[in-house]
Protein chains: 2
Amino acid sequence: MRAADPLHALSGDPGPVCRCCEADDHSVCASLTPEGLRGLRVIRGNARIGAQDAVFHEGEAAEAVYSLTSGTVKLSKLLGDGRRQIVGFVFPGDFFGFDAEGTYPYTAEAITPVGVCRFSTSRLAQLRSQTPELERLLFGRLVADLALAQEQMLLLGRMTAREKVAHFLLTLSRRAVRRNDPASPVALTMSRQDLADYLGLTIETVSRTITQLKRDGLIALVRPELVDLTDADALRRVAEGGGSD
Amino acid sequence: MRAADPLHALSGDPGPVCRCCEADDHSVCASLTPEGLRGLRVIRGNARIGAQDAVFHEGEAAEAVYSLTSGTVKLSKLLGDGRRQIVGFVFPGDFFGFDAEGTYPYTAEAITPVGVCRFSTSRLAQLRSQTPELERLLFGRLVADLALAQEQMLLLGRMTAREKVAHFLLTLSRRAVRRNDPASPVALTMSRQDLADYLGLTIETVSRTITQLKRDGLIALVRPELVDLTDADALRRVAEGGGSD
DNA sequence: CGCAGAATTGAGACTGGTCAAAATTTGTGG
DNA sequence: CCACAAATTTTGACCAGTCTCAATTCTGCG
């Protein structure tokens, strides 16, 4: 094993496992062999970013790729007149900031205070070419991200407001289960405005739709940002375009 | 150089360069070294598929990845009640059919008669691990696809019908330029229904919007499927959410 | 020439957006 | 701990853009 390098010193050597990362078994880091991890750690920089601060902006030169260690990040694109579309939420263990054109295709902003690992694009490229395992893991992650984006395209293009909100709640619930959290009270870490910008709706419509689902007994609000999925089956039927219930 | 194997025999050995592929400099194949190409050719199967036929269906076991050699393919997702969203069009040189879950996340159908190269997922995985260059090229392609999907999310979630159609026409035009075709009369290889399913609109709204753009002098229809971009600048202004012109 | 499918046009309905106000929650300082 | 201010969320009334349903016109082809 190598001696600690300056970057380790800065953040304290986390040891053979990437302990700086809250993500569990499904993170790229967790799937890497100790050897692969070592390579990543060597080129890694750490940063803490406050809530509402940007990691990078759409159009900036893409000099680094990031992985999230804690908190939530939103990825968004802007139209000239301020209309915004959130193209994804990032959770611990996820990578973001890959680019095809040399500039970031979206803005990345912290929703909560977050911790990130920063990998310079060039150094990561070098490491990737030396570590086929890493390349393959990142590839798989990208494929999953693409499938997710396509799922969201179906939602944005073809679902009603009610279906969109139901689908989103269920997605959060499924994600919670994957992290071994309870399926039901679902935490909305993001604001109503972020929700609206993710679902292609206005904040008013999101609010009205939540009220409506509540009135119909499918959900209940423990707090505005904590939703109880009272009737998950009915919610599922709504999300799949199953009709009026 | 290796002797021709059965697959070559079937389709005629295309020689050191993948001549079976109409795609030019921007295809993955064209960027591969002769050596890398050789590996691809060995595991390649060829197929011709008639217009309107499916290459594979959403939900089927994903046993192969494809690259398009000629024609146009559409990728679509279905909702329970028949609502459809086209999540992408595939042009020669593009790969499609990657999956994260073991099943295809979308249906792939030929819009025109098409030629495809077929790569069994397992054999391609093996080749990828032996050919870092191939892996890197596919990775870059995926990143580009993801950026495209995110761009489309912005379109689906936040643009008006007029902006959607303008944006789509310009995208086709840009793509034509990249293939060294003229920017202006743009060919719509897909039906109005496909267009609607791609833009998250109904066929009627697409038709009305095209008529409106025509009336306003931004475009002219040479034929229903051949659009002249009379005023590309104005079109660009519309597509960027530039206002009423 | 006439038919079938595709595209366009028309009239009216409805979902979701806009603008405005009220209610609730959150944060801050006394 | 309370009071007040600011921000966020919810609710209301009205409007607009897009959809639905239906009819008409085009286009290609036997």
Side-chain angles (χ1 to χ4, degrees), chain A residues 50-52 74 79 81-85 111-113 155-169 187-216 219-227 238 241 243-244, chain B residues 51-52 74 79 81-85 111-112 155-169 187-216 219-227 238 241 243-244:
Chain A
Q52 319 312 329
K74 63 181 174 190
L79 235 33
D81 60 357
R83 279 174 287 174
R84 179 189 313 271
Q85 177 68 41
I111 290 181
T112 63
L155 178 145
L156 290 169
R158 290 304 185 208
M159 287 189 184
T160 64
R162 191 177 167 87
E163 290 162 355
K164 286 176 176 181
V165 172
H167 182 99
F168 180 72
L169 291 175
L188 304 179
T189 45
M190 63 292 295
S191 69
R192 292 289 192 271
Q193 184 61 62
D194 286 344
L195 235 126
D197 286 344
Y198 186 55
L199 300 179
L201 299 169
T202 59
I203 186 174
E204 294 96 332
T205 298
V206 168
S207 186
R208 269 187 263 269
T209 305
I210 288 178
T211 303
Q212 187 193 336
L213 289 174
K214 196 171 50 181
R215 185 166 39 62
D216 297 347
I219 63 173
L221 296 199
V222 182
R223 287 194 301 278
E225 76 284 3
L226 193 65
V227 183
V238 172
S244 53
Chain B
Q52 317 314 328
K74 62 181 174 190
L79 235 34
D81 60 358
R83 279 174 287 174
R84 177 189 315 268
Q85 178 67 43
I111 290 181
T112 63
L155 178 146
L156 289 169
R158 289 306 185 207
M159 288 189 184
T160 65
R162 191 176 166 88
E163 290 163 354
K164 285 176 175 180
V165 172
H167 182 99
F168 180 74
L169 291 174
L188 305 178
T189 43
M190 63 292 296
S191 70
R192 291 289 191 270
Q193 185 60 61
D194 287 343
L195 216 71
D197 286 342
Y198 186 55
L199 300 178
L201 299 170
T202 59
I203 186 174
E204 294 95 331
T205 298
V206 168
S207 186
R208 270 188 263 270
T209 305
I210 288 178
T211 303
Q212 187 192 337
L213 289 172
K214 196 170 52 181
R215 184 165 39 63
D216 297 347
I219 63 173
L221 296 198
V222 182
R223 288 194 301 278
E225 76 284 5
L226 193 64
V227 182
V238 172
S244 54

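Within every chain, numbering begins at 1; the chains are lettered A, B, ... in the order of the sequence lines, protein sequences first and strands thereafter. These numbers were taken from a predicted model, which means no experiment stands behind them. Because only heavy atoms are used, hydrogens play no part in the values below, and waters and symmetry mates are left out as well, while side chains stay in.
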**Q** B:R192 CZ to D:dT18 P: how many Å, rounded?
**A**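 The answer, rounded to whole Å, is 17 Å.
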**Q** Does A:R192 reach the main-chain N or O of A:P224 with its side chain, forming a donor-acceptor pair under 3.5 Å?
**A**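 Answer holds: yes.
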**Q** Write down the atom of B:K74, the atom of B:I111, and the distance for their closest heavy-atom approach.
**A**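 Answer, listing the atom of B:K74 first, then B:I111: CB-CD1, 3.8 Å.
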**Q** Taking the side chain from B:R158 and the backbone from A:R83, do they hold a donor-acceptor pair closer than 3.5 Å?
**A**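 Flag not set: sc B:R158 to bb A:R83 has no pair under 3.5 Å.
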**Q** Which is more 5' along DNA chain C, the nucleotide nearest A:A161 or the one nearest A:E225? Just name the residue.
**A**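 Closest to the 5' end, via its nearest nucleotide, is A:A161.
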**Q** So which heavy atom on B:Q85 is nearest to which on B:D197, and how close?
**A**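 Between these two residues, the closest heavy atoms are NE2-O, 3.0 Å.
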**Q** Which heavy atom in A:E163 sits nearest to a heavy atom in A:M159, and how many Å separate them?
**A**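 Residues A:E163 and A:M159, closest heavy atoms: OE1-CA, 3.3 Å.
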**Q** Please give, in whole Å, the distance from D:dT10 P to A:K214 NZ?
**A**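 These atoms are roughly 7 Å apart.
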**Q** Identify all pairs in which a protein N or O lies below 3.5 Å from an N or O of nucleotides 10-12 of chain C, and state each distance.
**A**
| residue | atom | partner | partner atom | Å |
| --- | --- | --- | --- | --- |
| C:dG10 | N7 | B:R208 | NH1 | 2.8 |
| C:dG10 | O6 | B:R208 | NH2 | 3.3 |

**Q** Do B:L221 and B:L226 come close enough that some side-chain heavy atom pair is under 4.5 Å?
**A**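 They are not in side-chain contact.
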**Q** From C-beta outward on A:T160, which listed nucleotide comes closest to its side chain: C:dA7, C:dG16, D:dT18?
**A**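 When the side chain of A:T160 is considered, C:dG16 is the closest of C:dA7, C:dG16, D:dT18.
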**Q** Calculate the interatomic distance between B:Q193 atom CD and D:dT20 atom C1'; express it in whole Å.
**A**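 For the pair B:Q193 CD and D:dT20 C1', the rounded distance is 14 Å.
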**Q** Please give the angle, rounded to 10 degrees, between the axes at the start and the end of the helix from C:dC1-D:dG30 to C:dG30-D:dC1, where five pairs define each axis.
**A**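 The two end axes of the helix from C:dC1-D:dG30 to C:dG30-D:dC1 meet at 40°.
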**Q** With the side chain counted from C-beta on, respond yes when B:L188 and B:F168 share a heavy-atom pair under 4.5 Å apart, and no when they do not.
**A**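 Yes. Closest side-chain heavy atoms under 4.5 Å.
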**Q** Could you go over nucleotides 21-24 of chain C and give all protein N or O partners under 3.5 Å, atom names and distances?
**A**
none

**Q** Atom CD of A:Q52 to atom C1' of D:dA7: distance rounded to whole Å?
**A**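 Taking atom C1' of D:dA7 as the reference, CD of A:Q52 is at 12 Å.
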**Q** What pair of heavy atoms forms the shortest contact from B:L156 to B:K164, and how long is it?
**A**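 Nearest pair, atom of B:L156 first, then B:K164: O-NZ, 3.9 Å.
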**Q** I need the CG-C1' distance between B:L226 and C:dA7, as an integer number of Å.
**A**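 For the pair B:L226 CG and C:dA7 C1', the rounded distance is 16 Å.
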**Q** Of the residues in residues 194-203 of chain A, which ones touch DNA chain D at a heavy-atom distance under 4.0 Å?
**A**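 The stretch gives none, as no residue of it lies under 4.0 Å from the strand.
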**Q** A:E163 has an atom CD; how far is it from atom C1' of C:dT15, in whole Å?
**A**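 Distance check: A:E163 CD to C:dT15 C1' gives 12 Å.
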**Q** Under 4.0 Å, counting only non-hydrogen atoms across every strand here, what does A:L221 touch: a base, just sugar-phosphate, or nothing?
**A**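 The residue A:L221 makes sugar-phosphate contact but no base contact.
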**Q** When rounded to the nearest 0.5 angstrom, what distance separates OG1 in B:T202 from CD in B:E204?
**A**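 Result: 4.5 Å between the selected atoms.
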**Q** Would you mind reading off the distance between B:M159 atom CE and D:dG17 atom C1', rounded to a whole angstrom?
**A**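 About 17 Å, once rounded to whole Å.
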**Q** Specify the residue among A:R223 and A:T205 whose closest nucleotide of DNA chain C lies further upstream toward the 5′ end.
**A**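 Final value for this comparison: A:T205.
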**Q** Donor-acceptor pairs under 3.5 Å, side chain of residues 206-215 of chain A to any protein atom, not counting sequence neighbours: which ones?
**A**
| residue | atom | partner | partner atom | Å |
| --- | --- | --- | --- | --- |
| A:T209 | OG1 | A:T205 | O | 2.6 |
| A:T211 | OG1 | A:S207 | O | 2.9 |

**Q** Go through the structure and list residues passing salt bridge (Lys or Arg N to Asp or Glu O under 4.0 Å) with B:R223, not counting sequence neighbours.
**A**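 Only B:E225 meet the salt bridge (Lys or Arg N to Asp or Glu O under 4.0 Å) criterion with B:R223.
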**Q** Take the protein atom CD1 of B:I210 and the nucleotide atom P of C:dA6, then report the distance between them rounded to whole Å.
**A**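 Value for this atom pair: 16 Å.
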**Q** To the nearest 0.5 Å, how far apart are CG in A:L201 and CZ in A:R162?
**A**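 Answer rounded to 0.5 Å: 13.5 Å.
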**Q** Classify the nucleic acid contact of A:S207 as base, sugar-phosphate or nothing, counting any heavy atom under 4.0 Å across all strands shown.
**A**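 It contacts base atoms.
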